[in-house]
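Reading through the structure tokens given below for one structure.
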Amino acid sequence: MRRRQFLCSAAVYPALIASRGNLFAAEYDLVIRGGRVLDPSQGIDRTADVAIRAGKIAAIRRDIPTSSAAQTIDAQGRLVVPGLIDVHLHARDAALPPPEILSTGVTTMVDGGSRGADNVEQLIEVARNSPNRMRILLNIARLGNNNPDGRGEFLDSIEPAQVEKALGAVARNREWIIGIKARLSRGAAADRDMEVLRRAVQVAGPLNIPIMVHIGDTASPLPQLLALLRPGDIVTHLYAPTPHGIMDERGMVLPEVRQARRRGILFDFGNGLNEHWTWEVAQSGLKQNFPPDTISTDLSVPGRRAQVFDLPNVLSKFLAMGMPLNQVIACATKNAARTFKELKPYGSLRSGATADVTILELAQGNFEFVDNYGTKKTNSQKLITRGVIVGGKRIV
């Protein structure tokens with residue numbers, strides 16, 4: 001063989017080997033096989049496989065060949081849903097790290113006011129290092145909702161709600177801060193709830209970001225507070241008992257509350273621990289066709305150990321109250337993603353979407369759930385996390 005022929009064959013042969021390798025490379029990085037795919041954003045509820053390639057959803061269809069996947073997960077008998085989104089929790093404590101929250105199926109989370117303008121950098125550092133997507137609502141109070149002396153944010157004066165400081169904190173950290181939080185109950189705002197909310201609007205308005213307001217036992221009647229809110233703002237703890245919740249003294253949803261929803265105000269559940277909801281109020285709201293737009297945990301370290309536990313447990317409480325499964329899942333996926341414009345790309349298994357997926361078991365048995373007043377309810381179903389995929393990578 002002449003030298004020129006040898007050099008040509010030496011160059012071509014490795015290329016041929018490489019091309020043969022590419023021919024036999026897996027079409028998909030991961031295929032989740034045989035689960036009940038439930039994606040409210042697309043109206044999908046059927047048995048199918050979900051294929052993932054390069055961190056994106058590539059296909060949803062039946063009987064994708066096992067040979068086409070580098071890795072497979074058997075999801076038979078499981079629910080396959082978009083990665084869960086918790087729009088209201090508190091990830092401020094080292095005792096409740098983001099990886100632990102991720103293990104419960106929450107691939108995107110929003111801290112609801114743990115820090116204010118004076119100390120938000122502490123929380124941003126947590127978000128930077130979080131394995132799941134984390135964003136922040138800046139508390140309008142400078143120190144957030146965990147003052148070291150244990151006092152409420154505004155009990156001494158309105159001074160902690162400094163508008164200019166808050167504006168500066170958001171401007172410096174806009175990648176992480178996506179809204180403002182204002183706790184308006186007497187324990188936080190005393191009798192200054194209207195002024196606290198006005199300050200929050202002064203910050204959120206120019207920045208075109210939403211406000212989440214914490215209601216329940218406010219000094220002012222709820223209709224007065226709702227009048228200051230703008231479309232896209234969020235009321236959390238919507239099933240807080242009287243005084244000044246969403247219902248009148250007869251237990252009927254206030255007309256001003258329905259009007260607020262019609263003009264674009266959103267209503268979040270926010271389980272939490274302290275006087276935020278009762279079975280009676282929640283069931284009455286559902287019966288009167290006033291369900292939550294989003295179901296969140298208001299999770300904290302104590303809540304991880306009692307009442308709340310995790311987002312699937314909180315979602316299960318609505319199954320116990322008769323809310324259909326697809327609506328429950330929508331409140332922690334499609335609806336949650338629409339609450340903040342920064343989250344709109346998520347909460348869906350549509351083709352090309354980021355491959356955040358939560359695999360749930362709809363367990364059958366005898367399960368007990370508790371409201372904030374210790375009242376118990378049992379149900380035969382409970383959602384339990386069995387798998388988590390973030391950006392196409394299996395975590396659990």
Side-chain angles (χ1 to χ4, degrees), residues 17-85 102-108 131-133 311-312 315-316 319 323-338 343-365 380-396:
I17 295 298
S19 67
R20 285 172 60 92
N22 289 336
L23 287 174
F24 293 101
E27 182 179 2
Y28 303 116
D29 301 322
L30 174 64
V31 171
I32 305 166
R33 297 180 53 81
R36 177 183 172 187
V37 180
L38 181 53
D39 181 5
S41 75
Q42 302 183 87
I44 293 175
D45 185 356
R46 64 177 186 268
T47 300
D49 301 339
V50 177
I52 295 169
R53 181 174 52 235
K56 305 290 185 182
I57 302 295
I60 298 177
R61 65 175 186 268
R62 293 182 68 94
D63 301 324
I64 296 175
T66 302
S67 59
S68 67
Q71 181 184 7
T72 63
I73 298 174
D74 183 0
Q76 291 187 64
R78 303 286 192 256
L79 299 173
V80 179
V81 306
L84 300 180
I85 301 173
L102 175 59
S103 72
T104 70
V106 174
T107 58
T108 299
N132 41 355
R133 196 172 298 101
L311 183 53
L315 296 176
S316 300
L319 295 179
M323 193 172 181
L325 176 64
N326 65 331
Q327 293 181 23
V328 170
I329 297 299
C331 285
T333 57
K334 177 185 74 170
N335 296 0
R338 293 176 177 175
L343 305 188
K344 286 182 179 178
Y346 311 107
S348 175
L349 299 177
R350 69 185 182 281
S351 180
T354 298
D356 291 352
V357 186
T358 299
I359 301 172
L360 299 167
E361 177 186 359
L362 185 57
Q364 305 296 316
S380 61
Q381 295 182 317
K382 181 179 180 179
L383 293 165
I384 301 172
T385 302
R386 297 302 186 196
V388 186
I389 294 93
V390 179
K393 298 185 183 302
R394 185 175 186 178
I395 306 300
V396 176

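Nothing here was measured: the structure is a model prediction, and the numbers come from that model.
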Checklist entry - So how far is it from Ile64 CD1 to Thr72 OG1, rounded to the nearest 0.5 Å? => result 11.5 Å
Next on the checklist: If I compare all heavy atoms of Ala48 with all of Val37, which pair ends up nearest, and what's the gap?
Outcome noted: O-CG2, 3.7 Å
Item to check | Between CZ on residue Arg350 and NZ on residue Lys56, distance to nearest 0.5 Å | outcome: 9.0 Å
Checklist entry - Is there a donor-acceptor pair closer than 3.5 Å between any side-chain N or O of Asp356 and the backbone N or O of Gly391? => result yes
Checklist entry - Quick one: do Arg33 and Asp49 make a salt bridge, cutoff under 4.0 Å? => result yes
Checklist entry - Donor-acceptor pair, Thr108 side chain versus Ile85 backbone, under 3.5 Å? => result no
Checklist entry - How long is the gap from CG on Asp29 to CZ on Arg394, to the nearest 0.5 Å? => result 14.5 Å
Next on the checklist: As an exercise, state the distance from CG of Leu343 to OG1 of Thr333, rounded to the nearest 0.5 Å.
Outcome noted: 12.5 Å
Checklist outcome for this item: Here the gap from Asp45 atom CG to Asn326 atom CG, rounded to the nearest 0.5 Å, amounts to 7.0 Å
Next on the checklist: Treating Thr358 as the side-chain partner and Gly105 as the backbone partner, does any N or O pair qualify as donor plus acceptor under 3.5 Å?
Outcome noted: yes
Next on the checklist: Run the side-chain contact (heavy atoms from CB on, under 4.5 Å) test on Leu325 and Leu319 for me, step by step, so that the C-alpha distance in whole Å, both residues' side-chain angles and the decisive distance to 0.1 Å come before the verdict.
Outcome noted: CA-CA 7 Å; Leu325 176 64; Leu319 295 179; 4.1 Å; yes
Checklist entry - Between the side chain of Gln364 and the main-chain N/O of Leu362, is any donor-acceptor distance below 3.5 Å? => result yes
Checklist entry - Where do Ile73 and Ile389 land on the side-chain contact (heavy atoms from CB on, under 4.5 Å) test, with the steps shown first? => result CA-CA 11 Å; Ile73 298 174; Ile389 294 93; 4.0 Å; yes
